[in-house]
> 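Shown below is the structure under consideration.
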Amino acid sequence: MPANDPHHDTVDAGDHVVLIDGSAYIFRAYHALPPLTRSSDKLPVGAVAGFCNMLWKLVRAQGFEPKPTHLAVVFDKSEQTFRKDIYPLYKAQRPELPEDLRPQFPLIREATRAFDLACVEQAGFEADDLIATYAEQAKAKGARVTVISSDKDLMQLVDDLVRMYDPMKDRAIGAEEVFEKFGVAPEKVVDVQSLAGDSVDNVPGVPGIGIKTAAQLLAEYGNLDTLLARAEEIKQTKRRENLIEFADQARLSRQLVTLKRDVPLDVPLDDIAVVEPEGKRLVAFLKAMEFTTLTRRVGEAYEIDIAAVEPDPGLKAGGEETALLTAGLDPETRQPAAPGDVDSTPDGEAALTPQALSAARIAHATATPVDRSRYETVTTPARLREWIARAIDLGIVAVDTETTGLDPMQAEIVGFSLATAPNEACYVPLAHKGGDEGLFSEGLLPDQIPLNEAVAALKPLLEDASVLKIGQNLKYDWLVFRRLGIEVAPYDDTMLISYVLDAGASPHGMDPLSMRWLGHTPIKYEEVCGKGKGQICFDRAAIDKASEYAAEDADVTLRLWQVLKPRLAAEGKTNVYETLERPLVAVLARMEARGIMIDRQMLSRLSGEFAQGMGRLEAEISEMAGETFNPGSPKQLGDILFGKMQIPGGRKTPTGAWSTGADVLEELAEQGHALPRRILDWRQLQKLKSTYADALPTYVHPETGRVHTSFALAATTTGRLSSSEPNLQNIPVRTEEGRRIRKAFIAARGHKLISADYSQIELRLLAEIADTPSLRQAFQDGLDIHAMTASEMFGVPIEGMPGEVRRRAKAINFGIIYGISAFGLANQLSIPREEAGAYIKRYFERFPGIRAYMDETRNFAREHGYVETLFGRRCHYPDINAKNPSIRAFNERAAINARLQGSAADIIRRAMARMDGALEKARLSARMLLQVHDELIFEVPDEEVAATIPVVREVMELAPFPAVALKVPLKVDARAAENWDEAH
DNA sequence: TAGAAAACGTA
DNA sequence: GTACGTTTTCTAG
């Protein structure tokens, strides 16, 4: 019989033996899956559903090669094992089994039988020992073995013939992954575990030795016995003493963690051969469970008319076995349903469609109410280690920091919270202060873990490549941790996931997200710290209140992730999130941390000059007005100009006050009035002085001496970033006076600033998206695009074109990008609305493709409520169909603009995500400091300037590839100088 | 004293 | 006509 025939019995070389760690699977699936219940009687079946989907994939060998020839699902029979005999505390710290998980154990056994697969359990032995024994016997016959589990205790089995497979993360675990986890080859895993112990299983190990240290010691001494024998040689005093004192404890631990490979098997290996399931029985089971999708698939595969099959009568809703299950009894034994092994990690939803999974998660988001009484305040390092072990085991953890302020570059950490499952969350206070308010007697409260110890414990978790860290607005926490020497990775950010899905439609802060998706209102910050004058800093908040608040934040973040993450796949936005959003967290955090240098002396000098200028102007203004008034007050100014002086042509603001905006004053100045000109000049100086010359130095960081802005990733509807505190995206450039501010942004000694900006990127994207050949050609030929537009529209040759003609065409081009209206264009060009309307008409006649583009975009937005950029980013406009025509028109213009502005934003995001890697690959030490929508600012050592510019330019110009191949070339101008003004 | 409005800096 | 953030003044509480 051929070796790969699934119907033979005896195991041969070439066979593939699959061993499923059933108890571990159930537990992980339970925590990772939404709490799915059978619709007719609310019987909890989430883990069962995941399990059935996985078995189906296995027996059909879908994405799992080669096809299994032998397969067993192995369970823990009872808690009493030989390990308990030698160490009664073994696994003594197991939490109580959740109510809605208990009945799923017998159901999973039923499922296994329905698939006609072997279901193995044996009194006195853990599932792990049975798996080890089967694996050993299979190997002896030369067969390949796959153990389906991610339990670290099974990793000692991995070798050339045995691999593991994590069903939740859908990834194989081989020697390499084991090394990643333990720092040693699989055959030495037992020695590491014997030394490091395991808080989850309550294996003692040697105090003070963790996985890292254990691996390092074993690398040096070879194995546990040699190490223990030569313990005297160890230099570190405490470590040496512990190894000597606890040598026996280490040997005991080895007995506990070493899997038994010679269990006398009740079910021989040859008996677990895979046979094709009997289709009807399987369908009967699945129908009873009410798994409609899988029932249909199985029916199709076996060509069974599923309508003709009756659901399993005992197991269907109302059936006898179901009644026992809901009473908490195992239908077979009529005893309380078996507990089973309790340690393990996530995900058995793989076989659900993304849409079904997403819908299930949303539907069940409110199923488990937030219960703050279940949160824990962690006060000891040992307990913290247990939480960390739990997080590592599950491979997923939500994290939140609490600090003394809102600026991640200056705030000090006060504590942090972790969440590993709904309601399974803790807060770890680190730096809460208390007691009297005396100047010198302020002290840390007791029962807090020392900061350095907490950081040392946390670092391996937060940097662990196999544990996903989830945050809400993670860039903040990422920076806080970075300042503690921790680089968080890998990570997800619920705020950014929400932003990808719902930009423009709903807010992305935690409170609104919690209310919208979880129906839950979290504790307000004010409830913990007060507000207004009486507000206290978080480090003075009562620890019990702080703990509830902080743990809830982590809990809510985890729940939001469970709801929102599946929506990405369901709505086809995974790529947008993974290429345009997630990578920017670390990129922007690094930029913010670097900051930029400013010349404070220069700004101080400027401030003085501006003050002088303002003083002179104020004197002239008083003189002209005939009285002293505040030129900064639009109200007083309006009264002077249009009341006292009776100047005609005044306009009113929407609130009925006189309008004194720059455009109005400019007009009056042109009519020959002297006062408005002075006001305009005064306002310019006032703006430059207060917003820039005076404010910027107050943002200089006391330690770095540089200015660290904050970039918001989820603030705009279009995908642009925004910058604040201070806003470095609106540093003056248009006037000579303003550029003097810009000159105060300088490179560090021995460095230059490089400014690289996209030329006309939005117009190029208009040519691309509206597919306008003449515009495209103009860009390909490197023509002056505004002159070319003017020439096309007005029939004027480009050579010797009057400046005014080009200016009008330029205004029209910008108008198109902004969604043009005759009203707006007329305003911009100070021409009658009819004339502006005629320009637009002529433009559309000359470029009919662009009118079509605008119509299409408008119609699409009206129909769908959103538009999409070139890269699939969605920008929502919920008011696009408003009854109010001006609101509607506004939304239409915004939607038209969003495709262009948003596509440009996507392109520079792609460039930024790749930039650090490209610079590193080119061995350049240039550092990205700022982004200003179409411009990137770098700080570069003098000698690397020439080599850096081409790299930067290439990354930027090629940023759309390979996702989108533009027909229009992108052009990037780049220059280096000592200061930002000259580089720009 | 908190928030809206007006003004203005950028792409 | 698009997209932002900051400062000052004004106003309602």
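In what follows, chains carry the letters A, B, and so on, assigned in the order in which the sequence lines appear, proteins first and then strands, with residues in each chain numbered from 1. Given the structure is predicted, the values throughout are model-derived calculations rather than measurements.
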> With a 4.0 Å cut-off on N to O distance, would you call A/Asp981 and A/Arg742 a salt bridge?
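No.
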> Walking along DNA chain B from 5' to 3', note the first and the last nucleotide with an atom under 4.0 Å from a heavy atom of chain A, and give both.
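For DNA chain B, the relevant span reads B/dA5 to B/dA11.
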> Take atom CZ of A/Arg873 and atom P of C/dA3, then tell me their distance rounded to the nearest Å.
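Distance, rounded to whole Å: 15 Å.
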> Nearest 0.5 Å please: distance from the CD1 atom of A/Ile731 over to the CZ atom of A/Arg739.
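Between atom CD1 of A/Ile731 and atom CZ of A/Arg739 there are 14.5 Å.
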> Give the nucleotide from the list C/dT7, C/dG1, C/dC10 with an atom nearest to the side chain of A/Ile820.
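Given the options C/dT7, C/dG1, C/dC10, the side chain of A/Ile820 is closest to C/dG1.
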> When all nucleic acid strands are considered with a 4.0 Å heavy-atom cut-off, which category describes A/Lys635: base, sugar-phosphate, or nothing?
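If one applies the 4.0 Å heavy-atom cut-off, A/Lys635 turns out to touch the sugar-phosphate alone, with no base involved.
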> Report yes if at least one side-chain N or O of A/Asn630 is closer than 4.0 Å to OP1 or OP2 of C/dT9; otherwise report no.
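For A/Asn630, the contact criterion (side-chain N or O under 4.0 Å from OP1 or OP2 of C/dT9) is met.
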> When you measure from the side chain of A/Thr717, which nucleotide among C/dC4, C/dG1, C/dC10 comes out closest?
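The listed nucleotide nearest to A/Thr717's side chain is C/dC4.
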> Rounded to whole angstroms, how far apart are CZ on A/Phe823 and P on C/dT2?
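Interatomic distance, CZ of A/Phe823 to P of C/dT2: 11 Å.
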> Centroid-to-centroid, A/Tyr877 to A/Phe890, below 6.0 Å?
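No, the ring centres sit 6.0 Å or more apart.
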> So is A/Lys652 actually on top of A/Trp658's ring, under 6.0 Å and inside 45° of the axis?
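Pair A/Lys652/A/Trp658 counts as cation-pi.
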> Less than 4.0 angstrom from a charged side-chain N to a carboxylate O is my criterion; do A/Arg678 and A/Asp681 meet it?
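Result for this pair is no, no salt bridge flagged.
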> Let me know the distance between CD1 of A/Ile769 and C1' of C/dT2, rounded to the nearest Å.
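Computing the A/Ile769:CD1 to C/dT2:C1' distance gives 14 Å.
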> What is the distance from atom CG of A/Asn630 to atom CD of A/Glu618, rounded to the nearest 0.5 Å?
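Those atoms lie 8.0 Å apart.
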> For a side chain to side chain contact (heavy atoms under 4.5 Å, CB included) with A/Glu581, tell me which candidate from A/Leu713, A/Asp493, A/Ile497 qualifies.
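When side chain to side chain contact (heavy atoms under 4.5 Å, CB included) is applied between A/Glu581 and each of A/Leu713, A/Asp493, A/Ile497, only A/Leu713 qualifies.
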> For A/Glu935, answer base if it contacts any base atom (sugar-phosphate contacts may also be present), sugar-phosphate if it contacts only those atoms, and nothing otherwise; contact means non-hydrogen atoms under 4.0 Å.
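Counting heavy atoms under 4.0 Å across all strands, no contact is made by A/Glu935.
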> What nucleotide, of C/dG1, C/dA3, C/dT9, holds the atom closest to the side chain of A/Gln828?
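From the listed options, C/dG1 comes nearest.
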> Classify the nucleic acid contact of A/Ala826 as base, sugar-phosphate or nothing, counting any heavy atom under 4.0 Å across all strands shown.
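It contacts nothing in the nucleic acid.
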> Contact class for A/Gly632 vs. all strands (heavy atom < 4.0 Å): base, sugar-phosphate, or nothing?
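Sugar-phosphate contact only - A/Gly632 comes under 4.0 Å of backbone atoms but never of a base.
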> Applying a 4.0 Å non-hydrogen cut-off, can you work out what A/Arg734 is touching in the nucleic acid: base, sugar-phosphate, or nothing?
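Here A/Arg734 touches the bases of the nucleic acid.
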> Counting the atoms with a prime plus P, OP1 and OP2 as sugar-phosphate, which does A/Ala657 contact under 4.0 Å by heavy atoms, base, sugar-phosphate, or nothing?
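It contacts nothing in the nucleic acid.
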> Calculate the interatomic distance between A/Gln684 atom CD and C/dT7 atom C1'; express it in whole Å.
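Atom-to-atom, A/Gln684 to C/dT7, this comes out as 16 Å.
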> Would you classify A/Ala905 as touching base, sugar-phosphate or nothing, given that sugar-phosphate means primed atoms plus P, OP1 and OP2, and contacts are heavy atoms under 4.0 Å?
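Nothing: the residue A/Ala905, judged by heavy atoms under 4.0 Å, touches no strand.
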> Can a salt bridge be assigned to the pair A/Arg874 and A/Asp502 using a cut-off of 4.0 Å between side-chain N and carboxylate O?
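No, A/Arg874 and A/Asp502 are not salt-bridged.
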> Whole angstroms only, please: what is the CD1-C1' distance between A/Ile850 and C/dG1?
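It is 15 Å, rounded to the nearest whole Å.
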> Whole angstrom is fine here: how far is it from CD1 in A/Ile817 over to P in C/dT2?
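Taking atom P of C/dT2 as the reference, CD1 of A/Ile817 is at 13 Å.
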> It should be established whether A/Arg720 places a side-chain nitrogen or oxygen under 4.0 Å from OP1 or OP2 of nucleotide C/dC4.
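No, no such contact exists.
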> Between atom NZ in A/Lys689 and atom C1' in C/dT6, what is the gap in whole Å?
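Rounded to the whole Å, the gap is 15 Å.
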> Taking only N and O in the side chain of A/Thr716, is any of them less than 4.0 Å away from OP1 or OP2 of C/dA3?
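Indeed not, no polar side-chain atom of A/Thr716 lies that close.
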> Considering every strand and a 4.0 Å limit on heavy-atom distances, what is the contact class for A/Ser821: base, sugar-phosphate, or nothing?
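Here A/Ser821 touches the bases of the nucleic acid.
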> Tell me the interatomic distance from A/Ile731, atom CD1, to C/dC4, atom P, rounded to whole angstroms.
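Taking CD1 of A/Ile731 and P of C/dC4, I get 19 Å after rounding.
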